[in-house]
Amino acid sequence: MKIRKWTISLLWLKKPIYLIRASIDHRAKAHLLIDFINQTNLETILNKVSIIEAFFSFVQTEQKREAEILITSEELNIDAAKYYINTSLKQGYASENSAELNDTLPKINLLNLQYLIKKQNVFQKISLFVEKFRGIGGSI
């Protein structure tokens, strides 16, 4: 009997994960939703509006934290990176062929092979960031 209850409760916990990942738009946001559920005491929140407000507050905090980590780990130009990320979030996608992306990169000779590698890595990380926070985050 205990095994059966445990199996049922395990399936109940996995069901929201399956529902979240069922939508292409929500797959990138799945970890945010799961982290919110795990880190928040949902029993203390009184109504649906409060849950939504708490979620958006959580997302904005996570977005700012992850943006700071991205900018410092890649040694990007802070102001240009914030502008490019905010513009990309408003558009809903990051553009690889924009002057703003080039402005975010540290000063490296354009003919250097390391510049192209760095640009591609930064673009991929920013694209994932934008996909994750598109539509639910705010400006950084």
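- Between the side chain of Thr72 and the main chain of Ile69, a donor-acceptor pair closer than 3.5 Å is present.
- Shortest non-hydrogen contact noted between Phe58 and Gln39 is CE1-OE1, 3.2 Å.
- Remark: Lys118 NZ to Leu113 CG distance equals 14.0 Å, nearest 0.5 Å.
- By the salt bridge (charged side-chain N to carboxylate O under 4.0 Å, His left out) test, Lys119 is found to be paired with no residue, residues two or more places apart in sequence or in another chain being considered.
- Rounded to the nearest 0.5 Å, atoms CG (Leu76) and CG (Leu105) are 6.5 Å apart.
- The heavy-atom pair separating Ala94 from Ser88 by the smallest distance is CA-OG, 3.7 Å.
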Exercise. Does the salt bridge (charged side-chain N to carboxylate O under 4.0 Å, His left out) test come out yes or no for Arg65 and Glu68, once each step is laid out?
Worked result: CA-CA 5 Å; Arg65 185 185 63 78; Glu68 290 298 322; over 6 Å; no

For this session: Take Phe36 and Val59, measure what side-chain contact (heavy atoms from CB on, under 4.5 Å) needs, and give me the verdict at the end.
Result: CA-CA 8 Å; Phe36 173 72; Val59 168; over 6 Å; no

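- At distances below 3.5 Å, not a single donor-acceptor pair connects side-chain atoms of Tyr83 with backbone N or O atoms of Thr104.
- Judged purely by distance below 3.5 Å, without hydrogens or angles, the side chains of Asn102 and Tyr84 never pair a donor atom with an acceptor atom.
- Hydrophobic clustering (side-chain heavy atoms under 4.5 Å, transitive across Ile, Leu, Val, Met, Phe, Trp, Tyr) keeps Ile117 apart from Val122.
- With rounding to the nearest 0.5 Å, the separation of NZ in Lys64 from NZ in Lys82 is 9.0 Å.
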Counting only pairs under 3.5 Å, give me each side-chain donor-acceptor contact of residues 44-53, with atom names and distances, residues two or more places apart or in other chains.
from: Thr44; atom 1: OG1; to: Asn41; atom 2: O; distance (Å): 2.8
from: Asn47; atom 1: OD1; to: Ser50; atom 2: N; distance (Å): 2.9
from: Asn47; atom 1: OD1; to: Ser50; atom 2: OG; distance (Å): 2.7

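- Rounding to the nearest 0.5 Å places CD1 of Ile85 at 4.5 Å from CD1 of Ile71.
- Lys29 places a side-chain N or O within donor-acceptor distance of the main-chain N or O of Glu131, the cut-off being under 3.5 Å.
- The hydrophobic clustering, which links ILVMFWY residues whose side-chain heavy atoms are closer than 4.5 Å, places Phe56 and Ile140 together.
- Considering only heavy atoms from C-beta on, Leu32 comes within 4.5 Å of Phe133 through its side chain.
- Residues Ile126 and Leu116 share a single hydrophobic cluster, defined by chaining ILVMFWY side chains whose heavy atoms lie under 4.5 Å apart.
- In this view, Glu96 satisfies the side chain to side chain donor-acceptor pair (under 3.5 Å) rule with no residue, not counting sequence neighbours.
- In this structure, His31 NE2 and Ile34 CD1 are separated by 6.5 Å, a value rounded to the nearest 0.5 Å.
- Between Leu89 and Arg134, the shortest heavy-atom distance links the atoms CD2-N, 4.1 Å.
- Linking ILVMFWY residues whenever their side-chain heavy atoms come closer than 4.5 Å, directly or via other members, places Ile78 and Phe123 in the same cluster.
- With hydrogens and angles disregarded, no donor-acceptor distance shorter than 3.5 Å links the side chain of Lys90 to the backbone of Ser139.
- The backbone N or O of Gln63 lies less than 3.5 Å from no partner atom in the side chain of Lys132, so there is not a single donor-acceptor pair.
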